[in-house]
Amino acid sequence: MSQEKVDKYKQEKANRKKIMRKQKVMGIVRKSVLSLVALALVAWLGYSAYVTYDSGKERVVAETNYDSVMNYLDNLLVEDTAE
C-alpha cells in the first residue's frame, strides 16, 4: 500500500505543471462564464426597468378624420344603387 502512495505522489509531482495549468485555465473559464451570466442578469434587469418606466409615460395619440372617406364611400353606394 505504501509503494502505491509513493508511486502516486511521484506521478503527481511529474505532472504538477500540467495539473496547475489545467486548474488555472478552468478557473479562468469559470470566471468568464460567471461574468457573462452576471452581465446578462444586469442587462435583463436594466431592460425590465426601462420597459416599466416607459410604460408609465403618456403616449401621444394621433386622431384621424375619416369623414371625407366615409362620404366618398356613401356617394359610391348611392350612385351604384341609382343605376
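Keep in mind it's a predicted model, so treat the numbers as computed, not measured.
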- Task: Applying side-chain hydrogen bond (donor to acceptor under 3.5 Å, both in side chains), name anything that partners Asp7, two or more places apart in sequence or on another chain.
- Result: Gln3
To the nearest 0.5 Å, how far apart are [atom1] in [X] and [atom2] in [Y]?
X     : Y     : atom1 : atom2 : answer
Lys17 : Asn15 : NZ    : CG    : 11.5 Å
Tyr66 : Asn71 : OH    : CG    : 14.5 Å
Lys13 : Lys10 : NZ    : NZ    : 9.5 Å
Met70 : Asn65 : CE    : CG    : 11.5 Å

- Task: Take Val25 and Lys22 through the test side-chain contact (heavy atoms from CB on, under 4.5 Å) and record every step on the way to the result.
- Result: CA-CA 5 Å; Val25 168; Lys22 187 175 181 181; 5.9 Å; no
- Quick one: hydrophobic cluster around Trp44, which other residues, with the 4.5 Å side-chain cut-off, linked directly or via members?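 Members other than Trp44 - counting any ILVMFWY side chain reachable under 4.5 Å - are Leu41, Leu45.
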